[in-house]
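No hydrogens, no waters, no symmetry mates; every other heavy atom, side chains included, goes into these values.
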Amino acid sequence: MWQKKILGWYYINKRTLPWRLKKNQNFYRIWISEVMLQQTQVSVVIPYYKKFITKWPTLELFYKAELEEILKIWQGMGYYKRAQNLFKAKELLKNRQEKIVISSNDLKKLPGVGDYISCAISAILKDEPCAVIDGNIKRVLIRVFGLKNNDKLIKKQVKEISKKLTPLSENGNYCQSLMDLANLVCKAKKPNCQICPVFYVCQTKGKFESKKTIKKICKKISVAFYTYNKDSILIDKTNNNLLQSLYCFPLSDFRENKENFIEEDFLNKTVNDWMSKNNLQIPYQYIGEIVHKFSHFQLKVLIVNIRLKNKFKFKNYKWLKKIELSEKPVSSLMLKIMKKVEC
DNA sequence: AATCCGGGGTG
DNA sequence: CACCCAGGATT
(Lines give C-alpha, C1' and ligand atoms only; values in the text may rest on other atoms or scores of the structure.)
Protein backbone atom coordinates (compact mmCIF):
# COMPACT_ATOMS: atom_id res chain seq x y z
CA MET A 1 0.00 0.00 0.00
CA TRP A 2 1.23 3.43 -0.99
CA GLN A 3 0.89 5.20 2.38
CA LYS A 4 2.49 2.32 4.30
CA LYS A 5 5.48 2.23 1.96
CA ILE A 6 6.00 5.98 2.17
CA LEU A 7 5.56 6.16 5.94
CA GLY A 8 7.76 3.12 6.52
CA TRP A 9 10.52 4.76 4.56
CA TYR A 10 10.01 8.02 6.50
CA TYR A 11 10.37 6.53 9.97
CA ILE A 12 13.83 5.33 9.04
CA ASN A 13 15.03 8.16 6.80
CA LYS A 14 13.36 11.35 7.95
CA ARG A 15 15.43 14.50 8.22
CA THR A 16 16.14 16.12 11.55
CA LEU A 17 14.90 19.67 11.20
CA PRO A 18 14.47 22.39 13.83
CA TRP A 19 10.72 22.76 13.25
CA ARG A 20 10.26 19.03 13.75
CA LEU A 21 11.44 19.12 17.36
CA LYS A 22 8.67 18.45 19.87
CA LYS A 23 9.02 21.88 21.44
CA ASN A 24 8.35 23.46 18.06
CA GLN A 25 5.16 21.54 17.35
CA ASN A 26 2.72 24.37 17.92
CA PHE A 27 0.81 26.65 15.60
CA TYR A 28 3.08 29.65 15.92
CA ARG A 29 6.38 27.87 15.26
CA ILE A 30 5.09 25.66 12.47
CA TRP A 31 3.51 28.69 10.84
CA ILE A 32 6.78 30.64 10.90
CA SER A 33 8.68 27.67 9.46
CA GLU A 34 6.21 27.16 6.62
CA VAL A 35 6.24 30.82 5.65
CA MET A 36 10.03 30.86 5.60
CA LEU A 37 10.20 27.65 3.61
CA GLN A 38 8.09 29.18 0.87
CA GLN A 39 10.32 29.33 -2.21
CA THR A 40 13.36 29.08 0.01
CA GLN A 41 15.63 26.13 0.60
CA VAL A 42 15.76 24.35 3.93
CA SER A 43 19.44 25.07 4.52
CA VAL A 44 18.84 28.78 4.04
CA VAL A 45 15.84 28.84 6.33
CA ILE A 46 17.35 27.07 9.36
CA PRO A 47 19.46 29.96 10.73
CA TYR A 48 16.66 32.48 10.08
CA TYR A 49 14.15 30.21 11.81
CA LYS A 50 16.34 29.88 14.88
CA LYS A 51 16.95 33.62 15.06
CA PHE A 52 13.25 34.31 14.68
CA ILE A 53 11.96 32.03 17.44
CA THR A 54 14.76 33.07 19.74
CA LYS A 55 13.64 36.68 19.36
CA TRP A 56 9.94 35.83 19.61
CA PRO A 57 9.54 32.44 21.30
CA THR A 58 5.74 32.53 21.44
CA LEU A 59 2.86 34.00 19.47
CA GLU A 60 2.03 36.27 22.40
CA LEU A 61 5.53 37.74 22.33
CA PHE A 62 5.40 37.96 18.54
CA TYR A 63 2.27 40.11 18.90
CA LYS A 64 4.55 42.88 20.16
CA ALA A 65 6.88 42.78 17.16
CA GLU A 66 7.13 45.81 14.92
CA LEU A 67 7.20 45.45 11.14
CA GLU A 68 10.73 46.82 10.90
CA GLU A 69 11.95 44.33 13.50
CA ILE A 70 10.50 41.46 11.52
CA LEU A 71 12.06 42.75 8.32
CA LYS A 72 15.41 43.10 10.03
CA ILE A 73 15.34 39.43 11.03
CA TRP A 74 14.17 38.62 7.47
CA GLN A 75 16.97 40.65 5.89
CA GLY A 76 18.77 38.58 3.25
CA MET A 77 16.11 35.88 2.90
CA GLY A 78 14.22 37.63 0.11
CA TYR A 79 10.54 37.74 -0.77
CA TYR A 80 10.02 40.38 1.86
CA LYS A 81 6.30 40.39 1.20
CA ARG A 82 6.21 37.26 3.35
CA ALA A 83 7.41 39.25 6.36
CA GLN A 84 4.84 41.92 5.66
CA ASN A 85 2.06 39.35 5.46
CA LEU A 86 3.32 37.76 8.66
CA PHE A 87 3.00 41.14 10.35
CA LYS A 88 -0.51 41.69 8.98
CA ALA A 89 -1.62 38.22 10.02
CA LYS A 90 -0.35 38.50 13.58
CA GLU A 91 -1.98 41.92 13.97
CA LEU A 92 -5.22 40.30 12.86
CA LEU A 93 -4.84 37.47 15.35
CA LYS A 94 -3.82 39.86 18.12
CA ASN A 95 -6.83 42.07 17.67
CA ARG A 96 -9.20 39.14 17.37
CA GLN A 97 -7.96 37.48 20.54
CA GLU A 98 -10.09 34.42 19.87
CA LYS A 99 -8.41 31.08 20.09
CA ILE A 100 -6.98 30.09 16.76
CA VAL A 101 -8.80 27.26 15.08
CA ILE A 102 -6.33 25.01 13.34
CA SER A 103 -8.15 23.93 10.24
CA SER A 104 -7.10 24.48 6.68
CA ASN A 105 -10.19 26.51 5.85
CA ASP A 106 -9.72 28.90 8.76
CA LEU A 107 -6.00 29.29 8.33
CA LYS A 108 -6.43 30.13 4.66
CA LYS A 109 -8.03 33.41 5.68
CA LEU A 110 -4.73 34.69 7.05
CA PRO A 111 -2.63 36.94 4.78
CA GLY A 112 0.22 34.98 3.26
CA VAL A 113 -1.40 31.63 4.00
CA GLY A 114 -2.67 29.84 0.93
CA ASP A 115 -3.56 26.31 -0.10
CA TYR A 116 -0.20 24.82 0.68
CA ILE A 117 0.61 26.40 4.04
CA SER A 118 -2.91 26.07 5.45
CA CYS A 119 -3.01 22.37 4.64
CA ALA A 120 0.54 21.74 5.80
CA ILE A 121 -0.05 23.35 9.20
CA SER A 122 -3.31 21.55 9.91
CA ALA A 123 -1.94 18.26 8.66
CA ILE A 124 1.22 18.50 10.77
CA LEU A 125 -0.55 19.66 13.93
CA LYS A 126 -3.98 18.03 13.64
CA ASP A 127 -3.51 15.29 11.06
CA GLU A 128 -6.26 16.89 9.01
CA PRO A 129 -6.65 14.72 5.92
CA CYS A 130 -6.25 17.55 3.44
CA ALA A 131 -4.22 17.35 0.24
CA VAL A 132 -0.84 18.97 0.95
CA ILE A 133 0.77 19.89 -2.36
CA ASP A 134 3.95 21.84 -2.87
CA GLY A 135 6.33 21.95 -5.78
CA ASN A 136 8.25 18.92 -4.55
CA ILE A 137 5.27 16.70 -3.81
CA LYS A 138 3.93 17.68 -7.20
CA ARG A 139 7.14 16.47 -8.83
CA VAL A 140 6.91 13.10 -7.09
CA LEU A 141 3.30 12.56 -8.14
CA ILE A 142 3.98 13.65 -11.70
CA ARG A 143 6.74 11.07 -11.99
CA VAL A 144 5.02 8.21 -10.19
CA PHE A 145 1.85 8.60 -12.24
CA GLY A 146 3.60 9.45 -15.47
CA LEU A 147 1.82 12.75 -15.98
CA LYS A 148 2.80 15.12 -18.75
CA ASN A 149 4.36 18.14 -17.13
CA ASN A 150 3.32 20.53 -19.88
CA ASP A 151 -0.31 19.51 -19.67
CA LYS A 152 -2.66 22.38 -18.96
CA LEU A 153 -4.61 20.13 -16.65
CA ILE A 154 -1.56 19.19 -14.63
CA LYS A 155 -2.62 21.10 -11.53
CA LYS A 156 -6.04 19.50 -11.49
CA GLN A 157 -4.64 16.04 -12.09
CA VAL A 158 -2.10 16.36 -9.30
CA LYS A 159 -4.74 17.59 -6.89
CA GLU A 160 -7.08 14.74 -7.74
CA ILE A 161 -4.40 12.11 -7.26
CA SER A 162 -3.18 13.76 -4.10
CA LYS A 163 -6.67 13.75 -2.59
CA LYS A 164 -7.09 10.06 -3.32
CA LEU A 165 -3.77 9.20 -1.71
CA THR A 166 -4.16 11.36 1.40
CA PRO A 167 -4.61 9.07 4.41
CA LEU A 168 -7.45 9.62 6.88
CA SER A 169 -5.00 9.33 9.74
CA GLU A 170 -1.37 10.32 10.14
CA ASN A 171 -1.51 12.85 7.33
CA GLY A 172 1.05 14.99 9.15
CA ASN A 173 3.70 12.34 8.91
CA TYR A 174 2.50 11.35 5.48
CA CYS A 175 2.90 14.78 3.88
CA GLN A 176 6.26 15.29 5.54
CA SER A 177 7.37 11.89 4.31
CA LEU A 178 6.55 12.95 0.77
CA MET A 179 8.55 16.13 1.24
CA ASP A 180 11.55 14.18 2.49
CA LEU A 181 11.19 11.63 -0.27
CA ALA A 182 11.18 14.46 -2.81
CA ASN A 183 14.22 16.06 -1.21
CA LEU A 184 16.33 12.98 -0.52
CA VAL A 185 15.30 10.51 -3.25
CA CYS A 186 13.00 11.86 -5.94
CA LYS A 187 15.23 14.85 -6.47
CA ALA A 188 14.64 17.25 -9.31
CA LYS A 189 17.87 16.51 -11.12
CA LYS A 190 19.36 13.15 -10.21
CA PRO A 191 16.69 11.02 -8.57
CA ASN A 192 18.03 8.12 -6.60
CA CYS A 193 15.58 5.50 -7.82
CA GLN A 194 17.57 2.57 -6.43
CA ILE A 195 16.54 3.40 -2.90
CA CYS A 196 13.02 4.61 -3.67
CA PRO A 197 10.30 2.87 -1.64
CA VAL A 198 7.72 3.32 -4.38
CA PHE A 199 9.90 2.47 -7.35
CA TYR A 200 7.76 -0.59 -7.99
CA VAL A 201 4.71 1.52 -8.84
CA CYS A 202 6.54 4.42 -10.48
CA GLN A 203 5.66 4.88 -14.13
CA THR A 204 8.69 7.00 -14.87
CA LYS A 205 11.40 5.02 -13.07
CA GLY A 206 14.02 7.70 -13.55
CA LYS A 207 13.53 7.96 -17.28
CA PHE A 208 12.22 11.44 -17.66
CA GLU A 209 13.39 14.23 -19.84
CA SER A 210 14.61 17.37 -18.21
CA LYS A 211 12.59 20.09 -19.75
CA LYS A 212 14.67 22.67 -21.48
CA THR A 213 12.86 25.93 -21.63
CA ILE A 214 15.02 28.75 -22.76
CA LYS A 215 14.00 31.66 -20.63
CA LYS A 216 15.27 35.01 -21.74
CA ILE A 217 16.37 37.07 -18.80
CA CYS A 218 14.90 40.54 -18.87
CA LYS A 219 17.61 43.06 -18.18
CA LYS A 220 16.84 46.38 -16.56
CA ILE A 221 18.83 49.35 -15.43
CA SER A 222 18.47 52.04 -12.80
CA VAL A 223 20.40 54.78 -11.03
CA ALA A 224 20.97 54.94 -7.28
CA PHE A 225 21.63 58.32 -5.68
CA TYR A 226 24.04 58.13 -2.78
CA THR A 227 23.34 61.56 -1.42
CA TYR A 228 24.88 62.69 1.81
CA ASN A 229 25.78 65.56 4.05
CA LYS A 230 28.47 64.80 6.60
CA ASP A 231 27.33 61.60 8.34
CA SER A 232 23.74 61.82 7.15
CA ILE A 233 22.37 59.96 4.15
CA LEU A 234 19.28 60.50 2.06
CA ILE A 235 16.84 57.59 2.28
CA ASP A 236 13.75 56.92 0.18
CA LYS A 237 10.78 56.05 2.31
CA THR A 238 8.11 56.24 -0.38
CA ASN A 239 9.67 54.01 -2.95
CA ASN A 240 6.90 52.19 -4.71
CA ASN A 241 9.26 50.09 -6.72
CA LEU A 242 10.84 48.32 -3.81
CA LEU A 243 8.98 46.87 -0.92
CA GLN A 244 7.85 49.57 1.42
CA SER A 245 9.39 49.62 4.87
CA LEU A 246 12.76 48.50 3.56
CA TYR A 247 15.35 51.26 3.60
CA CYS A 248 16.95 52.25 0.33
CA PHE A 249 18.81 55.08 -1.33
CA PRO A 250 16.73 57.02 -3.83
CA LEU A 251 16.48 54.83 -6.92
CA SER A 252 15.27 55.83 -10.37
CA ASP A 253 12.56 53.91 -12.20
CA PHE A 254 13.80 50.72 -13.81
CA ARG A 255 14.22 50.83 -17.57
CA GLU A 256 14.68 47.91 -19.88
CA ASN A 257 18.30 47.66 -20.85
CA LYS A 258 18.08 46.48 -24.42
CA GLU A 259 20.84 46.30 -26.95
CA ASN A 260 21.94 49.57 -28.51
CA PHE A 261 21.02 51.22 -25.24
CA ILE A 262 23.57 53.83 -24.30
CA GLU A 263 24.04 53.64 -20.56
CA GLU A 264 25.96 56.88 -20.35
CA ASP A 265 23.10 58.82 -21.90
CA PHE A 266 20.67 57.10 -19.57
CA LEU A 267 22.82 58.01 -16.60
CA ASN A 268 23.11 61.67 -17.55
CA LYS A 269 19.44 62.07 -18.34
CA THR A 270 18.27 60.23 -15.25
CA VAL A 271 20.51 62.22 -12.95
CA ASN A 272 19.51 65.51 -14.56
CA ASP A 273 15.83 64.64 -14.26
CA TRP A 274 16.27 63.70 -10.63
CA MET A 275 18.19 66.89 -9.90
CA SER A 276 15.59 69.17 -11.43
CA LYS A 277 12.78 67.28 -9.76
CA ASN A 278 14.44 67.98 -6.43
CA ASN A 279 15.52 71.53 -7.26
CA LEU A 280 19.19 70.72 -7.26
CA GLN A 281 21.87 71.84 -9.64
CA ILE A 282 25.17 70.45 -8.50
CA PRO A 283 27.87 68.19 -9.87
CA TYR A 284 27.80 64.47 -9.26
CA GLN A 285 30.34 61.71 -9.33
CA TYR A 286 29.87 58.29 -10.90
CA ILE A 287 30.92 55.64 -8.40
CA GLY A 288 30.37 52.38 -10.22
CA GLU A 289 27.73 49.74 -10.78
CA ILE A 290 26.35 46.60 -9.25
CA VAL A 291 24.22 43.86 -10.76
CA HIS A 292 21.45 42.22 -8.83
CA LYS A 293 19.20 39.36 -9.80
CA PHE A 294 15.55 39.49 -8.91
CA SER A 295 13.20 36.59 -9.32
CA HIS A 296 12.13 37.60 -12.80
CA PHE A 297 14.76 39.97 -14.13
CA GLN A 298 18.25 41.25 -13.70
CA LEU A 299 18.97 44.79 -12.60
CA LYS A 300 22.06 46.84 -13.17
CA VAL A 301 22.33 49.81 -10.84
CA LEU A 302 24.53 52.75 -11.74
CA ILE A 303 25.59 54.51 -8.57
CA VAL A 304 26.27 58.22 -8.27
CA ASN A 305 27.75 60.15 -5.42
CA ILE A 306 26.19 63.50 -4.51
CA ARG A 307 27.61 65.56 -1.69
CA LEU A 308 25.32 68.26 -0.39
CA LYS A 309 26.37 71.37 1.54
CA ASN A 310 23.22 71.28 3.63
CA LYS A 311 20.57 68.81 4.72
CA PHE A 312 18.00 70.16 2.29
CA LYS A 313 14.43 69.11 2.80
CA PHE A 314 13.27 66.59 0.21
CA LYS A 315 9.70 65.83 -0.58
CA ASN A 316 9.77 62.05 -0.55
CA TYR A 317 13.02 61.36 1.24
CA LYS A 318 14.34 61.62 4.73
CA TRP A 319 17.75 62.01 6.29
CA LEU A 320 19.25 59.28 8.37
CA LYS A 321 22.55 58.97 10.20
CA LYS A 322 24.87 56.31 8.85
CA ILE A 323 24.93 54.62 12.23
CA GLU A 324 21.12 54.50 12.27
CA LEU A 325 20.94 52.96 8.82
CA SER A 326 23.03 50.01 9.93
CA GLU A 327 20.22 49.00 12.28
CA LYS A 328 17.45 49.29 9.71
CA PRO A 329 16.15 46.53 7.44
CA VAL A 330 17.52 46.66 3.89
CA SER A 331 17.36 44.32 0.94
CA SER A 332 20.32 42.48 -0.54
CA LEU A 333 20.24 44.93 -3.44
CA MET A 334 20.71 47.81 -1.02
CA LEU A 335 23.53 45.95 0.77
CA LYS A 336 25.39 45.64 -2.52
CA ILE A 337 25.01 49.34 -3.23
CA MET A 338 26.08 50.24 0.30
CA LYS A 339 29.19 48.13 -0.04
CA LYS A 340 30.05 49.87 -3.29
CA VAL A 341 29.83 53.32 -1.76
CA GLU A 342 31.58 52.08 1.38
CA CYS A 343 28.67 53.11 3.50
C1' DA B 1 -6.53 30.55 -15.32
C1' DA B 2 -2.68 33.29 -16.07
C1' DT B 3 0.46 36.42 -14.33
C1' DC B 4 3.05 38.82 -11.09
C1' DC B 5 5.86 39.07 -6.98
C1' DG B 6 10.92 43.00 -8.12
C1' DG B 7 15.10 36.32 -4.40
C1' DG B 8 18.65 33.58 -3.28
C1' DG B 9 21.50 29.42 -3.36
C1' DT B 10 23.84 25.88 -6.00
C1' DG B 11 26.55 23.40 -9.59
C1' DC C 1 24.55 30.96 -16.61
C1' DA C 2 20.72 27.47 -15.67
C1' DC C 3 18.04 25.55 -12.57
C1' DC C 4 15.89 24.69 -8.19
C1' DC C 5 13.23 25.84 -3.97
C1' DA C 6 7.94 23.19 1.76
C1' DG C 7 3.72 29.52 -3.03
C1' DG C 8 0.44 33.44 -2.49
C1' DA C 9 -2.00 37.36 -4.25
C1' DT C 10 -3.90 39.71 -7.93
C1' DT C 11 -6.48 40.37 -12.15
A:W31 CH2 to C:dG8 C1', straight-line distance once rounded to whole Å: 14 Å

Aromatic-base stack, A:H296 on B:dC4, cutoff 5.5 Å, angle under 30: no

Sugar-phosphate, base or nothing in reach of A:V113, heavy atoms under 4.0 Å: sugar-phosphate

A:R15 (side chain) and C:dA6 (base): donor-acceptor pair under 3.5 Å: yes

Closest heavy-atom pair and its distance - A:I287, A:V304: CG1-C, 4.1 Å

Atom pair distance, as rounded to whole Å: CG in A:L71 and C1' in B:dG7: 15 Å

Partner of A:Q176 by side chain to side chain donor-acceptor pair (under 3.5 Å), out of A:K14, A:R15, A:R20: A:R20

I'd like a list of close polar pairs between nucleotides 8-10 of chain B and the protein, N/O only, cut-off under 3.5 Å.
residue : atom : partner : partner atom : Å
B:dG8   : OP1  : A:Y80   : OH           : 3.1
B:dG8   : OP1  : A:S332  : OG           : 2.4
B:dG8   : OP2  : A:H292  : NE2          : 3.0
B:dG9   : O6   : A:K293  : NZ           : 2.6

Length of the line joining A:K190:NZ and C:dC4:C1', which is rounded to integer Å: 15 Å

Separation of atom CG in A:L37 from atom P in C:dC4, rounded to whole Å: 19 Å

Contact nearer the 5' end of DNA chain C, comparing A:G114 with A:Q298: A:Q298

Rounded distance (Å) that lies between atom C1' of B:dC4 and atom CZ of A:F297: 11 Å

Shortest non-hydrogen contact from A:F294 toward A:L333: CZ-CD2, 3.8 Å

Short side-chain N/O contact from A:N85 to OP1 or OP2 of C:dG8, under 4.0 Å: no

Sub-6.0 Å ring centroid separation between A:F62 and A:F52: yes

Atom-pair distance (CG on A:L107; C1' on C:dG7), nearest Å: 16 Å

Sugar-phosphate, base or nothing in reach of A:I137, heavy atoms under 4.0 Å: nothing

Between A:Y226 and A:Y228, ring centroids under 6.0 Å: yes

Sugar-phosphate, base or nothing in reach of A:W74, heavy atoms under 4.0 Å: nothing

Rounded distance (Å) that lies between atom P of B:dC5 and atom CG of A:L246: 16 Å

Nearest-neighbour nucleotide for the A:K219 side chain, C:dA9, C:dG7, C:dC1 considered: C:dC1

Per A:L17 side chain, nearest of listed nucleotides C:dA9, C:dA6, C:dC5: C:dA6

Interatomic distance where CG belongs to A:N183 and P belongs to C:dC4 [whole Å]: 14 Å

A:D231/A:K322 ion pair, N-O < 4.0 Å: no

A:F314 six-ring centre to A:K277 NZ/CZ under 6.0 Å and within 45° of normal: no

Side-chain N,O (A:R139) to OP1/OP2 (C:dC5) below 4.0 Å: yes

Under 3.5 Å, which donor-acceptor pairs do the side chains of residues 122-132 of chain A form with other protein atoms, sequence neighbours left out?
residue : atom : partner : partner atom : Å
A:S122  : OG   : A:S104  : N            : 3.3
A:S122  : OG   : A:S118  : O            : 2.7
A:S122  : OG   : A:E128  : OE1          : 3.3
A:D127  : OD1  : A:N171  : N            : 3.3
A:D127  : OD1  : A:G172  : N            : 2.9
A:E128  : OE1  : A:S104  : N            : 3.0
A:E128  : OE2  : A:S104  : OG           : 2.5

